[in-house]
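These numbers were taken from a predicted model, which means no experiment stands behind them.
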Amino acid sequence: MREKAMEYLYEWSKKPYQKFIKRNCAWNVSMSKLKNYPKQSLGFHLSRFLTKHNFEIQPKLENHDVFHVLTKTGISVPEEISMQYHLLGNGKRSAYLFTVILLGTLLFPDYLFFFRKAYSKGREALLFHSLDFSKMLHLPLERIKTTFLIK
């Protein structure tokens, strides 16, 4: 029931968030273009993540899926919350992030250890949450992770 509540809130808030809050531009990249990047690249791994989960590229929200790829975070509700903790540890601050963390912590107190571990990983990494990943799609994924100490 708590997973359904969080999923509903996400679906309800996604479109207004994209339209009114996200100030960045959409990447304007297609799945076919992502699939054509070198096999070791961030772009190729992003295409694999999207395909594996039967997702499409969401304009202005592309970084979110990149964060999944970089942190090897799954897509279950607790994993989504843990990724927000990871980003908080890395220095990201936004109303949306704080809302997810607040609601997620209240609804999933049994995952607090998991969330704290993700937060610690974010703190240990060099600042990566604000990078322009659209310009890094050609770079090898492992090089990005090594450079920014992403575990």
Side-chain angles (χ1 to χ4, degrees), residues 1-19 21-22 24 26-27 29 31 34-35 37 39-134 136-137 139-151:
M1 185 66 153
R2 56 191 181 167
E3 286 93 355
K4 292 284 184 207
M6 289 294 286
E7 288 172 5
Y8 172 79
L9 289 171
Y10 169 73
E11 288 301 324
W12 174 79
S13 66
K14 180 173 59 172
K15 292 292 181 191
Y17 180 70
Q18 279 175 292
K19 187 172 183 173
I21 296 175
K22 289 298 280 184
N24 60 308
W27 290 5
V29 66
M31 280 293 288
L34 289 175
K35 288 178 183 178
Y37 276 99
K39 298 225 184 294
Q40 298 82 15
S41 70
L42 173 61
F44 181 80
H45 282 274
L46 178 58
S47 76
R48 287 187 52 199
F49 171 81
L50 295 168
T51 301
K52 176 183 176 182
H53 297 292
N54 202 25
F55 291 163
E56 295 181 15
I57 298 168
Q58 297 182 60
K60 295 185 167 185
L61 302 178
E62 298 91 348
N63 277 358
H64 180 85
D65 293 324
V66 169
F67 296 147
H68 277 284
V69 172
L70 290 173
T71 63
K72 289 190 175 183
T73 302
I75 62 166
S76 72
V77 172
E79 289 170 318
E80 290 281 354
I81 297 163
S82 77
M83 190 170 75
Q84 296 304 316
Y85 268 95
H86 195 130
L87 295 171
L88 178 68
N90 195 247
K92 184 172 182 179
R93 304 291 185 264
S94 73
Y96 200 85
L97 176 138
F98 288 124
T99 302
V100 170
I101 285 176
L102 175 67
L103 291 173
T105 303
L106 291 173
L107 291 173
F108 294 88
D110 48 321
Y111 284 85
L112 200 53
F113 178 78
F114 182 56
F115 298 154
R116 287 178 58 187
K117 189 174 177 180
Y119 176 81
S120 294
K121 285 181 182 179
R123 284 189 54 87
E124 292 169 5
L126 298 176
L127 186 79
F128 70 87
H129 74 85
S130 59
L131 296 173
D132 184 352
F133 293 107
S134 67
M136 301 172 75
L137 294 172
L139 295 175
L141 174 64
E142 289 306 315
R143 187 166 105 197
I144 297 168
K145 290 175 68 169
T146 301
T147 300
F148 291 94
L149 308 175
I150 302 169
K151 295 180 183 175

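Taking each heavy atom of F115 and G104 in turn, the nearest pair found is CE1-O, 4.0 Å. Residues P59 and A26 share a closest heavy-atom pair of CB-CB, 3.8 Å. Closest non-hydrogen pair, S130 versus L127, comes out as OG-CD2, 3.7 Å.
Atom-to-atom distance recorded for L107:CG and L102:CG is 9.0 Å, nearest 0.5 angstrom. The distance from atom CD of E142 to atom OG1 of T147, rounded to the nearest 0.5 Å, is 10.5 Å. To the nearest 0.5 Å, atoms CD1 (I101) and OH (Y96) are separated by 12.5 Å. One distance of note links NE2 of H68 with CG of L50; it measures 10.0 Å at 0.5 Å rounding. We find the OG1-CE distance between T51 and M31 to be 3.0 Å, quoted to the nearest 0.5 Å. Here OG of S82 is found 12.0 Å from CG of L112. Values are rounded to the nearest 0.5 Å.
F98 has its side chain out of reach of Q84: every pair of non-hydrogen atoms, C-beta onward, lies at least 4.5 Å apart. Between E124 and L149, every side-chain heavy-atom pair lies at or beyond the 4.5 Å cut-off. L139 has its side chain out of reach of Q40: every pair of non-hydrogen atoms, C-beta onward, lies at least 4.5 Å apart. Inter-residue side-chain proximity for E7 and E80 is flagged as unmet; no heavy-atom pair is nearer than 4.5 Å. Counting heavy atoms from C-beta outward, M6 and I81 have side chains that approach closer than 4.5 Å. Side-chain contact between Y37 and L46: absent, with no pair of heavy atoms (C-beta onward) separated by less than 4.5 Å. Side-chain contact check for I144 versus F128: every heavy-atom pair is 4.5 Å or farther apart. Here the side chains of L70 and K145 are in contact, with some heavy-atom distance below 4.5 Å.
Note: H45 and F49 fail the aromatic proximity criterion, with ring centroids not under 6.0 Å apart.
Within the 3.5 Å criterion, the main-chain N or O of N90 finds no donor-acceptor partner in the side chain of R123. One N or O on the side chain of E62 and one on the backbone of W27 form a donor-acceptor pair closer than 3.5 Å.
Residue pairs meeting the side-chain hydrogen bond (donor to acceptor under 3.5 Å, both in side chains) criterion with at least one partner in residues 106-122, sequence neighbours excluded, are R2-D110.
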Let me check something: any side-chain donor-acceptor pairs from residues 71-78 under 3.5 Å, sequence neighbours excluded? List them with distances.
| from | atom 1 | to | atom 2 | distance (Å) |
| --- | --- | --- | --- | --- |
| T71 | OG1 | F67 | O | 2.6 |
| T71 | OG1 | T73 | OG1 | 2.5 |
| S76 | OG | E79 | N | 3.3 |
| S76 | OG | E79 | OE1 | 2.8 |

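Annotation: side chain to side chain contact (heavy atoms under 4.5 Å, CB included) contacts of T146 (sequence neighbours excluded): none.
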